[in-house]
Amino acid sequence: MSLNYNITAGQVLRILGYDNPESRKFLDGIEEEYNIKLPAVLCDFYKAAYNCPLLSTADIWTEEFCTLYEVIEEQIEEFEEEYKDNPEEGADDEYYMFSQSLAKIPRNEWQGHAANYLEIGGDYGAGVINYGICTDDLDKEDPPVYYLSEGYEMTEWKLLCNTLSEYFMLVLCDTLLCRQYRTAWKTLNENGWDYNIYESDEIEEMAEEMGIDLSTLKPQVLSWGKVTCGYDEERKMIVVACVDDNYKSPFVVGTISKK
């Protein structure tokens, strides 16, 4: 079994049958609204990912984006309403004090106090982490992705992935392996795919039956484990895996092929 690992998350989605012609309208709208040029890698991915049901519970937004500055503007309005009668009560709220400091200066001067980010996702379950691209990096074809956790100051964005490509593959592998939700299992089975997840003691037997050489699985991204995705053109089969050291639990493999 020869797996091609030189494949993008967008290509995997297109193999699975996702391609939305409405994506161009969505992307053009984002560029016009924010007066920006979106990275090529992002545009290619969203040709398939826009409004994609497979990603409905993934840590990525498929129908809208926003910017950090928009979030700050909303917080300024909310805080002004919340503390309008007793502004001194907000003195212990770091978010309030930060937003108030920006409220006192023109918006076009905010860049000197906080970098802006185009936010493209967040953790679906808890909603306490947001993922974004620094607007200063939007001129790059494949820029890095950062995250901001709830409770951090709005200037404390941390590096998540060195490239958008890695982030998209991380999200896709997480989705296909049903790490949190069974959305992929339900969606793919409904669309006529033979979808299987193998864990722990099933792995070696499954690999032998399907002719998968475990030693050739090549990790691409690091998060809750090393994840990888490959495609066998001859069998029309996608193989996705969470690869732990020495293939011990929680080593997981998913195979997806047409029934």
Side-chain angles (χ1 to χ4, degrees), residues 5-13 27 30 34 36-46 48-50 52 54-72 94-95 98 111 114-181 183-184 218-229 240-245 250 252:
Y5 295 98
N6 187 27
I7 190 169
T8 68
Q11 288 172 323
V12 174
L13 287 178
L27 296 170
I30 294 295
Y34 298 117
I36 58 175
K37 182 67 175 176
L38 293 171
V41 167
L42 184 146
C43 292
D44 178 72
F45 177 75
Y46 273 90
Y50 175 62
C52 178
L54 184 70
L55 301 174
S56 61
T57 55
D59 292 349
I60 194 167
W61 300 332
T62 62
E63 298 180 39
E64 61 181 355
F65 298 152
C66 69
T67 65
L68 175 63
Y69 284 3
E70 285 180 308
V71 175
I72 293 174
E94 292 183 3
Y95 284 111
F98 179 73
Q111 190 69 28
N116 197 11
Y117 288 81
L118 180 67
E119 299 188 18
I120 61 174
D123 61 316
Y124 179 81
V128 297
I129 301 175
N130 281 355
Y131 305 110
I133 309 164
C134 183
T135 54
D136 290 341
D137 292 332
L138 288 175
D139 60 345
K140 299 177 181 178
E141 180 178 343
D142 197 6
V145 176
Y146 297 84
Y147 71 95
L148 180 69
S149 296
E150 188 177 78
Y152 286 16
E153 293 185 9
M154 289 191 175
T155 56
E156 293 184 325
W157 288 75
K158 309 293 184 182
L159 181 66
L160 176 71
C161 296
N162 290 320
T163 64
L164 261 175
S165 297
E166 291 176 343
Y167 170 67
F168 291 149
M169 186 59 79
L170 173 64
V171 169
L172 183 62
C173 287
D174 184 61
T175 299
L176 293 178
L177 291 171
C178 296
R179 299 287 294 184
Q180 299 294 327
Y181 305 96
T183 305
K218 300 177 181 179
Q220 294 173 292
V221 187
L222 184 65
S223 178
W224 30 256
K226 298 173 183 177
V227 298
T228 190
C229 186
V240 58
C242 172
V243 187
D244 199 1
D245 291 339
V252 181

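In what follows, residues are counted from 1 in the order of the sequence shown. As a basis for the values below, the full set of heavy atoms in this structure was taken, side chains included, without hydrogen atoms, waters or symmetry mates. Just so it is clear, the structure is predicted and the values come from calculations on it, not from any experiment.
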**Q** How many angstroms lie between atom CD1 of I60 and atom OG1 of T175, to the nearest 0.5 angstrom?
**A** 8.5 Å
**Q** OG1 of T163 to CD of E141: how many Å apart, nearest 0.5 Å?
**A** 11.0 Å
**Q** Using a 4.5 Å cut-off on heavy atoms from C-beta on, say whether the side chain of V240 contacts that of V12.
**A**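 Result no, sub-4.5 Å side-chain heavy-atom pair not found.
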**Q** Can you see which heavy atom on V145 is nearest to which on L159, and at what distance?
**A** O-CD1, 3.7 Å
**Q** Which pair of non-hydrogen atoms, one from Y50 and one from T62, has the smallest distance, and what is that distance?
**A**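 Taking Y50 first and T62 second, the nearest heavy atoms are CD1-O, 3.0 Å.
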**Q** Could you go through the side chain to side chain contact (heavy atoms under 4.5 Å, CB included) check for I120 and Y167 one step at a time?
**A** CA-CA 11 Å; I120 61 174; Y167 170 67; 3.7 Å; yes
**Q** How many angstroms lie between atom CG of D123 and atom OH of Y147, to the nearest 0.5 angstrom?
**A** 12.0 Å
**Q** In chain order, what residues pass the side chain to side chain contact (heavy atoms under 4.5 Å, CB included) check against Q111, with sequence neighbours excluded?
**A** Y69, A115, N116, D136
**Q** Side-chain contact, heavy-atom cut-off 4.5 Å: F65 with L42?
**A** yes
**Q** When rounded to the nearest 0.5 angstrom, what is the spacing between CG in L148 and CH2 in W157?
**A**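 Rounded to the nearest 0.5 Å, the CG-CH2 separation comes to 5.0 Å.
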**Q** Of all heavy-atom pairs between N130 and E119, which one has the smallest distance, and what is that distance?
**A**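 Taking N130 first and E119 second, the nearest heavy atoms are ND2-OE1, 2.8 Å.
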**Q** What's the shortest heavy-atom distance between M169 and A9, and which atoms?
**A** CE-N, 3.7 Å
**Q** What pairs with Y34 under side chain to side chain contact (heavy atoms under 4.5 Å, CB included), at least two apart in sequence or on another chain?
**A**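 For Y34, the residues satisfying side chain to side chain contact (heavy atoms under 4.5 Å, CB included) (neighbours in sequence not counted) are I30, I36, C66, T67, E70, L118.
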**Q** When rounded to the nearest 0.5 angstrom, what is the spacing between OH in Y46 and CZ in F168?
**A**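 The OH atom of Y46 sits 5.5 Å away from the CZ atom of F168.
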**Q** Would you find more than 12 non-hydrogen atoms of other residues, nucleotides or ligands less than 6.0 Å from E156 atom CD?
**A**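 Check passes, neighbour count above 12.
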**Q** Which heavy atom of C43 sits nearest to which heavy atom of L38, and what is that distance?
**A** SG-CB, 3.8 Å
**Q** Look up atom CD1 in I129 and atom NZ in K158, then write down how far apart they are to the nearest 0.5 Å.
**A**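 I129 atom CD1 to K158 atom NZ measures 13.0 Å (nearest 0.5 Å).
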**Q** Provide the closest heavy-atom pair for I133 versus P144 in the form atom of the first, atom of the second, distance.
**A** CG2-O, 4.0 Å
**Q** Can you list the residues that meet the side chain to side chain contact (heavy atoms under 4.5 Å, CB included) rule with C178, with sequence neighbours excluded?
**A** A184, W185, Y195
